[in-house]
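A quick write-up on the structure given underneath.
Only this structure's heavy atoms are used, side chains among them; waters, hydrogens and symmetry mates stay out. The structure displayed is predicted, hence computed values, not measured ones.
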Amino acid sequence: MLENLNKRLGKLNVFDIGLVKWACVVFGVILSKIFPQLIQINYAILVLLMLALSAFPTYKFWIKK
């Protein structure tokens with residue numbers, strides 16, 4: 001299953017991946033409009049969540065050979 005997804009991912013270019021990221025940002029804005037209490041989360045928790053989610057892709061892109 002993952003091999004098939006990796007083949008399909010090869011069809012995407014940098015612009016397509018950028019559009020996916022912006023779609024995720026807009027989805028986050030929509031969620032914050034639906035659930036305004038999400039905005040009241042402590043910034044330290046949000047920063048830790050961001051770092052945790054970006055650690056492996058960052059390692060894989062910049063460090064792993």
Other residues, nucleotides, ligands: >12 heavy atoms within 6.0 Å of E3 CD: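 Atom CD in E3 is not packed in, count stays at 12 or less.
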
pair N4-R8: side-chain heavy atoms closer than 4.5 Å: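 Answer yes - side chains close enough.
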
Under 4.5 Å between side-chain heavy atoms, hopping through other hydrophobics if needed: is there a path connecting [X] to [Y]?
X	Y	value
V14	F61	no
V26	I34	yes
I30	L38	yes

Counting only pairs under 3.5 Å, give me each side-chain donor-acceptor contact of residues 40-51, with atom names and distances, residues two or more places apart or in other chains.
from: N42; atom 1: OD1; to: A44; atom 2: N; distance (Å): 3.3

Pairwise distance OG(S32) to CD1(I39) - rounded to 0.5 angstrom: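 These two atoms lie 4.5 Å from each other.
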
Interatomic distance, L9 atom CG to L2 atom CG [nearest 0.5 angstrom]: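 These two atoms lie 11.0 Å from each other.
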
D16 side chain vs N13 backbone, donor-acceptor pair below 3.5 Å: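 Judged by distance alone, yes, a pair lies under 3.5 Å.
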
